[in-house]
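The block underneath contains the structure these notes are about, expressed in structure tokens.
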Amino acid sequence: MVKCMLTQIWRQKYYALYKDMAGRHTQARFNFILRKKLTPRDIADMFNDFAEDYEQVYFNIGWRPYEVVGDFMAKIIPEENRSKLKVLDVGAGTGLLGNKLKNHGFTHVDGLDPAKNMLNVAKRRNIYQRYICAFINKDRNNAIETDYYDYIVASGAFNEGLIPCGAFQEMIRIVKPGGRITFTVPTKYINISDNLRDQLLPLIDQLAQEGVWEVTSVALEDGELSSTDGPGTLFSLKVFVSEKTF
Ligand SMILES: C[S@@+](CC[C@H](N)C(=O)[O-])C[C@H]1O[C@@H](n2cnc3c(N)ncnc32)[C@H](O)[C@@H]1O
């Protein structure tokens with residue numbers, strides 16, 4: 001009897017906690033102040049929670065970063081070379097950018113994301129060659145060889161709580177010298193996010209001055225990334241070194 005009551009109390013508490021987490025996740029989808037309070041694992045679980053309706057939710061805000069990055073890749077890489085290149089999509093999610101790259105003739109595209117349910121959507125559609133369920137951050141991921149990829153791409157994966165600036169250390173390691181890291185960032189997130197404002201732009205400049213990479217930046221107008229993100233920038237960093245610690 002006592003055991004039964006204790007089990008029931010535990011169940012109620014667990015359910016309340018679960019509901020609270022799920023509620024926080026839903027609210028934090030587009031609320032970057034709330035996101036600041038979440039751990040990287042919480043953020044990944046937030047994307048796990050809404051993997052199945054992610055695209056519908058994002059298409060409702062006119063989501064387009066994957067179009068911008070995919071079209072930039074097609075602009076800088078001749079069609080005949082695309083099937084020879086190894087590309088890693090970081091923060092791959094449900095595979096929108098991977099699919100775009102496939103449509104442009106890139107045949108070797110791998111996807112990395114810590115949210116398993118997001119990757120599962122991409123898996124069902126057979127988007128990527130390899131699915132790497134992991135965070136990209138400063139830590140070395142021994143499952144990925146040094147200088148393995150020709151290109152690293154990311155769409156919509158640099159804003160509050162997502163890929164941290166320390167991850168450039170790991171991206172430099174896994175991309176070949178001569179390869180590129182290409183991604184978009186909305187200007188307003190650079191202003192809101194401590195991580196992006198205080199670290200991303202200074203880091204891009206500092207490593208350019210040190211000869212680690214050469215920077216191409218393309219200004220994006222209001223509406224090019226989505227209907228809510230405002231103007232932004234596409235950065236394409238041509239990396240010259242095999243490794244760099246900072
Ligand atoms: C807004 S979604 C973008 C997904 C996809 N690139 C697109 O354009 O639809 C951001 C993705 O970044 C992933 N993410 C969050 N933190 C990450 C990290 N540290 N490393 C890699 N991916 C991360 C999330 O799980 C989520 O799938």
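One-based numbering, in listed order, for ligands and for the atoms of each. Here, residue 1 is the first one in the sequence, and each next residue gets the next number.
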Which protein N or O atoms sit under 3.5 Å from any N or O of ligand 1? Give atom names and distances.
{"from": "ligand 1", "atom 1": "6 (N)", "to": "Gly91", "atom 2": "O", "distance (Å)": "2.8"}
{"from": "ligand 1", "atom 1": "6 (N)", "to": "Ser155", "atom 2": "O", "distance (Å)": "2.8"}
{"from": "ligand 1", "atom 1": "6 (N)", "to": "Ser155", "atom 2": "OG", "distance (Å)": "3.2"}
{"from": "ligand 1", "atom 1": "8 (O)", "to": "Trp63", "atom 2": "NE1", "distance (Å)": "3.3"}
{"from": "ligand 1", "atom 1": "8 (O)", "to": "Ser155", "atom 2": "O", "distance (Å)": "3.3"}
{"from": "ligand 1", "atom 1": "8 (O)", "to": "Ser155", "atom 2": "OG", "distance (Å)": "2.6"}
{"from": "ligand 1", "atom 1": "9 (O)", "to": "Tyr54", "atom 2": "OH", "distance (Å)": "2.6"}
{"from": "ligand 1", "atom 1": "9 (O)", "to": "Trp63", "atom 2": "NE1", "distance (Å)": "3.1"}
{"from": "ligand 1", "atom 1": "19 (N)", "to": "Ile136", "atom 2": "O", "distance (Å)": "3.2"}
{"from": "ligand 1", "atom 1": "20 (N)", "to": "Ile136", "atom 2": "N", "distance (Å)": "3.0"}
{"from": "ligand 1", "atom 1": "25 (O)", "to": "Asp113", "atom 2": "OD1", "distance (Å)": "2.7"}
{"from": "ligand 1", "atom 1": "27 (O)", "to": "Asp113", "atom 2": "OD1", "distance (Å)": "3.3"}
{"from": "ligand 1", "atom 1": "27 (O)", "to": "Asp113", "atom 2": "OD2", "distance (Å)": "2.7"}

Listed once per pair and sorted, the salt bridge (charged side-chain N to carboxylate O under 4.0 Å, His left out) pairs that draw on residues 137-156, sequence neighbours left out: Asp150-Lys176
From OG1 (Thr94) to CG (Asp113), nearest 0.5 Å: 9.0 Å
Aromatic ring proximity, centroids under 6.0 angstrom, Phe72 and Tyr151: no
For Ala157, all residues meeting side chain to side chain contact (heavy atoms under 4.5 Å, CB included), sequence neighbours excluded: Ala154, Ile163
Stepwise side chain to side chain contact (heavy atoms under 4.5 Å, CB included) check, Tyr189 with Asp229: CA-CA 8 Å; Tyr189 297 153; Asp229 282 341; 2.5 Å; yes
Pairs involving residues 102-134, ordered by first then second residue, that meet ring-ring contact (aromatic ring centres under 6.0 Å, His included) (sequence neighbours left out): Tyr128-Tyr131
